[in-house]
> 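Below are the structure tokens for one structure; questions will follow.
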Protein chains: 2
Amino acid sequence: MPVGTPGGRATIDDVAAAAGVSRAAVSKVLRGAYGVSDAMQERVKGAIEELDYRPRVSARAMRGSTFTVGVMIPHFGNQFFADVVDGAMAELRETSYQLILAPVDADHRRALEALYDRQVDGIVAISPLVAPDWLAALARKVPVVELGRHDRSDRYDTIVGDDAAGTALVMDHLLARGHRRVAHLTHIDGVRQSLGSTPHGIRRSGYEQAMTAAGLAGEIAVVEGRFEEEAAWRAMGVALDGGLAPTAVFAGNDDAALGVLRAIAERGLSTTDISVAGYDDARLASHPAIRLTSVNQDGREMGRRSAALLIERIGGRAEPVHEVLAPRLVVRDSTGRSAGEPADRPERTET
Amino acid sequence: MPVGTPGGRATIDDVAAAAGVSRAAVSKVLRGAYGVSDAMQERVKGAIEELDYRPRVSARAMRGSTFTVGVMIPHFGNQFFADVVDGAMAELRETSYQLILAPVDADHRRALEALYDRQVDGIVAISPLVAPDWLAALARKVPVVELGRHDRSDRYDTIVGDDAAGTALVMDHLLARGHRRVAHLTHIDGVRQSLGSTPHGIRRSGYEQAMTAAGLAGEIAVVEGRFEEEAAWRAMGVALDGGLAPTAVFAGNDDAALGVLRAIAERGLSTTDISVAGYDDARLASHPAIRLTSVNQDGREMGRRSAALLIERIGGRAEPVHEVLAPRLVVRDSTGRSAGEPADRPERTET
DNA sequence: ACGTTCCTGTAGATCGTTCTACGAATGGGA
DNA sequence: TCCCATTCGTAGAACGATCTACAGGAACGT
């Protein structure tokens, strides 16, 4: 955009007038449609350049599509979600689709509606708390791909990590190390029956099952916080001060794990006293100052894949696709470095 | 949105038909305009509810405004930027404006154009690399508030931290601790003369000035990376392996500082060997596992303030506003914990 | 010379809102 | 009874693109 027109915005009519052709002709050139001579092409492109003309998406939206894809993530600053966005962006790079994000402020549905109101051609969302039938209704009007939902609607596609398997990996690891007083930090939402269908719900019940199966039902201790560093830190602090004394904590995600680590460190303890494991394997987990055991989910790949599915949906696919990705445990020092073991030994992976 | 209309999307005409009134009447009710009886109000609202009608933003955009504010940040996953978005969202919460984000993929201008094409009513952007006159041209067509630009256009408002002052705080601190071989990790962009006007440019030249003023011109060592953990880690690693042996590193932001810390730790060193300071004072900097000395800029407040300025601009203000925020140094263990000093002493702040 | 075909370009309807200008009641005062 | 205000509601023209249907002309074959 060179220094543009002085007053308002140039329209397709301005371009047509400047090039001495009809409005329809300009539209043809813009869309690369059939029936345009080289001479006209030339003149129109010149006029577009000169007037610094850019078609309005809103006007286009009135007929047909916006070539815009909406992405909704519940929280910025979460590395995993950022990776998802990155992946989706990479997938869309070579297409004519532009990506926009709707930030979430408490109500997930409002963000989805905001995208819908703006007539995006499709939506990629991480909104595990939204009711299935509400989502199905939305998906009837605009293609939707959901990340992290365990329900299987035939109206929207889903991509989800196998949270039960991931949780089992973590719990097996901790229990194998001899831990008995294992606590869990969960994300508490306003919704009731989300236990079986949300990632945090499944991680929580997976924890409880694993404890029960190991004969440790009596040791089950769930700390209710949120999957953000600060909230988790606060909740963990309260729990510790209230007498909770676990030897290991399974935090529902890495941000929460960071909060747990903070709470522990503030009380003069370290991961040799209380082991900590997280979930997501955000980049920071591998940082030498953190060395957090975590469950790897490839956010970038998930984002990429979800964008690809969405494009298929926009292209007309009607049959639902549901993909489940296998998680991978990455063991680091935050759990069970035995005394004397070197701190910088290579990471180990279990699938 | 209850389970909605079966086929396409309900329009204002559908609502009018259902309520047995004219299209104009429905529009009046929607906008809360004058000249509506209670009875009609009632009927129309009923029909809207029943049909699950939501006005299309695109159609509204054809006449007047979209009540949408666009935000552009260069990079997700950066805590500081996330705070900015959070602040802007908080400021807009009670207004009728909705916020959308455009993610950036290499070209900052493309993201800004994407927002412009979608006819947002105003733009908040962090795009220090975009040329001033290009930005001025954009700002002539849509209100723009820029964060982190040191130029003062009278077409767009700016909010910026005093990077020169912040840099001086860091450098004074490091030099006062007796460091002489202080290196700097900068962000390298494709643009030439950005030295004097971008935050990273000013931080870099501030570093060079401070070194020169201290008679250490010969010790100046600038490592060129990017302000992301991974890129900074890589660049620092190369530099260290290439023989660079500083006693302190001033990283241009906190993400970069994390990368520096990683590179150092990987080589068997710690912050007692090489002090590290960052910039932004992201939440993570205060984490007990990191304890990074940094320069605090209140991202949330900046975001809040920029949204407020934007609303003023949209409301018609023409005179430019340029605000400069004073930074504050937060000293933590990553710089100069003297041997024997306890690790958990309270943080100190210098302004 | 005439008809057919192909290639370019145009007219004009259309999408879903907003909003001005106007018409139809109603009620009150004279 | 008539007139004028006031109130409530409607008709219809925008807004800026897309895209179908069509018109005009050139090229070609007979």
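Naming: A, B, ... by sequence-line order, numbering from 1 per chain. Both backbone and side-chain heavy atoms feed into the values below; hydrogens, waters and symmetry mates do not.
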> Given atom NZ of B:Lys28 and atom C1' of D:dT7, what is their separation to the nearest angstrom?
9 Å
> If you check every side-chain atom of B:Ala24, which of C:dG16, D:dA11, C:dG9 has the closest atom?
D:dA11
> Could you tell me the separation between the CE atom of A:Met40 and the C1' atom of C:dT10, rounded to a whole number of Å?
10 Å
> Could you say whether A:Ser58 or A:Gly64 is positioned toward the 5' end of DNA chain D, judged by the nucleotide with the nearest heavy atom to each?
A:Ser58
> If only atom types and distance count, is the side chain of A:Asp154 paired as donor or acceptor with the main-chain N or O of A:Pro320 below 3.5 Å?
no
> Keeping the roles fixed (side chain from B:Arg118, backbone from B:Val120), state whether a donor-acceptor pair exists under 3.5 Å.
no
> Would you check if there is a donor-acceptor pair between the side chains of A:Ser27 and A:Arg31 at a distance under 3.5 Å?
yes
> Nearest-nucleotide wise, let me know which of B:Gly20 and B:Met62 is further upstream toward the 5' end of DNA chain D.
B:Gly20
> Atom CG of A:Asp13 and atom P of D:dT18: how far apart are they, to the nearest Å?
12 Å
> Measure the distance from CZ on B:Arg56 to C1' on C:dC15 and round it to the nearest whole Å.
9 Å
> Would you state whether a donor and an acceptor, one from the side chain of B:Arg63 and one from the base of D:dA14, lie under 3.5 Å apart?
yes
> Using whole Å, report how far CD1 of B:Ile12 lies from P of C:dC15.
15 Å
> Is the shortest side-chain N/O distance from B:Tyr34 to OP1 or OP2 of C:dC19 below 4.0 Å?
no
> Using a heavy-atom cut-off of under 4.0 Å over every strand shown, decide if A:Val57 touches base, sugar-phosphate, or nothing.
nothing
> Quick one: A:Arg31 CZ to D:dA17 P, roughly how many Å, whole number?
12 Å
> Looking only at side-chain N and O atoms, does B:Ser22 come under 4.0 Å of OP1 or OP2 in D:dA11?
no
> Go nucleotide by nucleotide along DNA chain C from the 5' end; which of A:Gln41 and A:Ala59 gets its closest nucleotide reached first?
A:Gln41
> Counting distance alone, no hydrogens or angles: does the base of C:dT17 have a donor or acceptor under 3.5 Å from a partner atom on the side chain of B:Arg60?
no
> For the pair made of CG in B:Asp38 and C1' in D:dC8, what is the distance, rounded to whole Å?
12 Å
> Please work out if B:Ser27 contacts a base, only the sugar-phosphate, or nothing of the nucleic acid, heavy-atom cut-off 4.0 Å.
base
> Answer with yes or no whether A:Arg23 presents, from its side chain, a donor or acceptor under 3.5 Å of a partner atom in the base of D:dT18.
yes
> Assess whether a salt bridge exists between B:Arg110 and B:Asp117, defined as any Lys/Arg side-chain N lying under 4.0 Å from an Asp/Glu carboxylate O.
no
> Figure out the CZ/C1' separation between A:Arg43 and C:dG9, and round it to whole Å.
11 Å
> For the pair B:Ser127 (side chain) and B:Ala125 (backbone), establish whether a donor and an acceptor sit closer than 3.5 Å, ignoring hydrogens and angles.
no
